[in-house]
S.K.: 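Sharing a structure here in structure tokens format.
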Amino acid sequence: MNNPFALSWNLPQPADFRARVSAMLKTESPEAAEVQRLAAFDLDLTGLEALRKLVSAKREWLAGQTGLTPFRLGIVSSHTVDYLAQALPGTALRHGLLLDVVMAEFGQAAQQLLDRDSEFGRAQLDAILIALDYRALGLSNPRLTALDAESALDAAISYAAGLAEGVRSTIGTCCVLQTLVPPAESLFGSFDTQFPGSVRAMIERFNHRVFLEVARDTDLIMDTASLASLTGLSVWNDARDWHKAKLPAAMDAMPLYAEHVCRVLAAARGRSRKCLVLDLDNTLWGGVIGDDGLNGIRLGQGSSTGEAHLALQRYALALRQRGIVLAVCSKNDEANARLPFREHPEMLLREEHIAVFVANWEDKANNIREIAATLNIGTDALVFVDDNPVERALVREILPEVAVPELSEDPADYVGILSRAGYFEAVGLSNEDLSRADYYGTNAERASLKKIGNLEDYMASLEMVAIVMPFDAVGRVRITQLINKSNQFNLTTRRYSESEIARFETDPGKFCVQIRLADRFGDNGMISVVIYDRAELEWSCDTWLMSCRVLGRRVEELVLAHVAAAARSAGALRLTGTYLPTKKNSLVADHFAKLGFTKISDLTGGGTEWALNLAEYQPPNLPISVLYSSSAVESAPQPLPV
Amino acid sequence: MTREEAAARLIAIMRDVFDEDDLQYDDSLTADDVDGWDSLSHVRFLVAVEKEFSFRFTSGEIDGLKNIGEALNIIVRRASQ
């Protein structure tokens, strides 16, 4: 790796890049997908600036396209962030975000964040990045006594905490905190880490205290310190650029810096990837199973190639444990392809780890579409890893929304490339994440069981138990995830941040329900979220979504029964609901009709409005037993060991 | 590398960075003559030149730049070292 700032998992910026951007600028209505295709390269600052202009010229048009999530980011800083701001909108396209950046004037952080009537207060921002540099926090000079060091740190922490609190309470939006990047220079050498007043030690403690004393659950963290150390502090920090333009990092680092900021924002909006699709020959093992046979492929101990392929398996398995779904897509006879999974003693990945296993001779783009359909997720949630450049090019061409990392010739680099590409960025980890991979496993069992007997018997045999609860702090991370990720079974596709969800918990004008579903195969976790706006006579549905894992289990009927009972006892006469169509939610176009609602109007843009007269509503008999609860802790069933 | 060769590569960078397709090279060009040349794009320009010609301007060289001819002199001298 020559350039530590390169986004080397992306293809290099093509020579005709600027011409392609210019051509698109002249088009009335450029395809969002085509604009995103341009963002997929390893772009330099000039390329990103060209894209920023394109986004800004076509913003209104692009905002009307599906596939891009609008996001308004404010930045306050103690130094020059103009280049970061220039790099962000183009980078954001790569992550499915249509980003609008508002910058506070240099050194105006406090004025913007502590005044509700400031430009930031009025700008309706989705998040604010607080970009601080140690040189602006009084930490650039070593302190010779521990007491001085501590009071310098206290001052820096309380300043940062004040800004963060301004974002949360005065402005009322999501706060993005950064860790501080230490300088490359030392005062003593290794002794710096032991001497509390060295700049390095103070910054280390600041970063530690930010997590303990400043950050709240609803904040996001951009770990700039780790990013800088990944590239190397001696190149990330650039004294000349600091002196010339008060740049906190080398100019060349800006595209990578912007990439990491966008990953965090995209993860918060549920735009991270969800599934890793793996090729087999020369990807998961060395050699070709169909030619070399079980004893001929290189895997594990005894060869450096074999160790390298095993390392990729180990990494994939670790991803699976944190909730990433694994799939296989290989050009092979299926029996050959499955052989190592079943019989090779060194294989770490086994068939039970693979949610969808596709091995045939058809083209990979079709197979990848099939994998996404089987898993009920969009192709834009997939990462496809294949050592063969021809297959990579084909998939990129036909399915530009699938992430396809460029691999090096050496399998030893695979894990590093996949990790640096950051496709699976997360901003939290829920219990559902931890057991998701197993849900897909047990789902396969359910599918085979369904072939026996009739549907009614099958449903009864599932022994389903639903837990219906108001929103609470325990469920907040998962509720936010569902609200930002669910596309198919989602009536209105309204996205809310974690801090907004936190507010809804206590808002008397909202009736919010989270539903968990367990059955004899295991706990499905939280699978549905509903938000109703309550008025005296009429409750109207703001949000209704459900995980497609439990489609056809009559959960939506159960939810309606719960909402209807609550609305009735509050004295309401009817429930209303809206369906707002998107590219992905045609599944629920008839949702309200199926539940017995009557259509009251058609909206422009294809949406529909529905109403249900509560006096006429009869709750159905359902094959699900229900626990109502006001607390998640008492009643949440433990996931069964699988 | 001759001065003419360097000038041809330099003007290509300038067209790209300042987003001006019909820019023509002239030793006396300054930021005042080019619409897209402001303090922000100036730093991007210097970084693009450093990448193209594989050297790094010193702080003194950056401070002393008066027009594009001077930048070209530095490029020809530094790139041939």
Side-chain angles (χ1 to χ4, degrees), chain A residues 2-3 5-6 12-26 42-54 56-57 79-87 90 101 103 106 234-235 238-258, chain B residues 5-25 29-31 33-68 70-75 77-79 81:
Chain A
N2 295 325
N3 174 7
F5 303 129
Q13 182 169 329
D16 64 347
F17 179 78
R18 192 156 144 270
R20 287 168 68 176
V21 174
S22 303
M24 217 162 273
L25 259 173
K26 290 182 191 114
D42 175 12
L43 300 173
D44 63 16
L45 263 182
T46 300
L48 287 168
E49 169 64 3
L51 266 191
R52 185 191 66 82
K53 284 185 184 160
L54 178 66
S56 134
H79 48 267
T80 306
V81 285
D82 299 69
Y83 298 100
L84 177 65
Q86 283 187 346
V101 178
M103 270 189 301
F106 200 89
S234 56
V235 288
D238 189 309
R240 188 198 65 183
D241 290 351
W242 172 259
H243 297 314
K244 168 156 181 52
K246 291 290 170 284
L247 276 170
M251 278 288 279
D252 277 342
M254 292 299 152
L256 183 64
Y257 187 1
Chain B
E5 285 162 2
R9 284 162 71 184
L10 184 61
I11 196 69
I13 295 172
M14 294 175 69
R15 287 179 187 145
D16 207 12
V17 172
F18 301 131
D19 200 13
E20 306 254 350
D21 282 327
D22 34 8
L23 210 55
Q24 296 301 320
Y25 183 82
L29 265 185
T30 69
D33 307 317
V34 182
D35 282 345
W37 193 343
D38 55 24
S39 58
L40 281 180
S41 57
H42 181 63
V43 181
R44 270 199 288 122
F45 169 54
L46 295 180
V47 170
V49 170
E50 291 177 336
K51 207 187 242 171
E52 172 73 20
F53 294 100
S54 310
F55 74 98
R56 223 171 120 83
F57 288 108
T58 65
S59 298
E61 285 168 342
I62 292 174
D63 288 342
L65 286 178
K66 298 272 183 299
N67 57 38
I68 207 64
E70 288 185 10
L72 189 60
N73 293 341
I74 296 171
I75 290 166
R77 181 163 44 83
R78 297 288 302 279
Q81 275 170 5

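Lettering follows sequence order; numbering is per chain, from 1.
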S.K.: Do the side chains of A:K244 and B:E61 get close enough for a salt bridge, i.e. N-O under 4.0 angstrom?
M.R.: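 Result for this pair is no, no salt bridge flagged.
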S.K.: Could you work out, with ring pair (Phe, Tyr, Trp, His ring centres under 6.0 Å) as the rule, every residue matching A:Y83, not counting sequence neighbours?
M.R.: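 Here no residue qualifies.
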S.K.: Checking B:L40 against chain A: side chain, backbone, both or neither under 4.5 Å from a heavy atom?
M.R.: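 Interface part for B:L40: both.
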S.K.: Does A:D42 have any side chain to side chain donor-acceptor pair (under 3.5 Å) partners at least two apart in sequence or in another chain, and if so, which?
M.R.: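 By the side chain to side chain donor-acceptor pair (under 3.5 Å) rule, A:D42 matches no residue at all.
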S.K.: If I measure from the heavy atoms of chain A, does B:D21 come under 4.5 Å with its side chain, its backbone, both, or neither?
M.R.: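 Contact with chain A: backbone and side chain both.
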S.K.: Would you say that B:T58 contacts A:R240 through its side chain, given a criterion of any heavy-atom pair below 4.5 Å between the two side chains?
M.R.: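 No; the side chains remain at least 4.5 Å from each other.
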S.K.: Considering only heavy atoms, give the residues of residues 44-54 of chain A separated from chain B by less than 4.5 Å, sorted numerically, with 'none' for an empty result.
M.R.: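 Interface residues of residues 44-54 of chain A: A:D44, A:L45, A:T46, A:E49, A:K53.
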S.K.: At a 4.5 Å cut-off on heavy atoms, which part of B:F57 comes close to chain A: side chain, backbone, both, or neither?
M.R.: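 The answer is both parts of B:F57.
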S.K.: For B:E52, give me all partners under side chain to side chain donor-acceptor pair (under 3.5 Å), at least two apart in sequence or on another chain.
M.R.: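 With neighbours one apart ignored, the set is B:R9.
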S.K.: Would you call A:R18 and B:D19 a salt bridge, using N to O less than 4.0 angstrom?
M.R.: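 Here A:R18 pairs with B:D19 in a salt bridge, since their nearest N and O are under 4.0 Å apart.
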S.K.: Closer than 4.0 angstrom, basic N to acidic O: yes or no for B:R56 and A:D238?
M.R.: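 A salt bridge is present here (some side-chain N lies under 4.0 Å from a carboxylate O).
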S.K.: For B:V43, which atoms come within 4.5 Å of any heavy atom of chain A: side chain, backbone, both, or neither?
M.R.: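 B:V43 touches chain A through backbone and side-chain heavy atoms alike.
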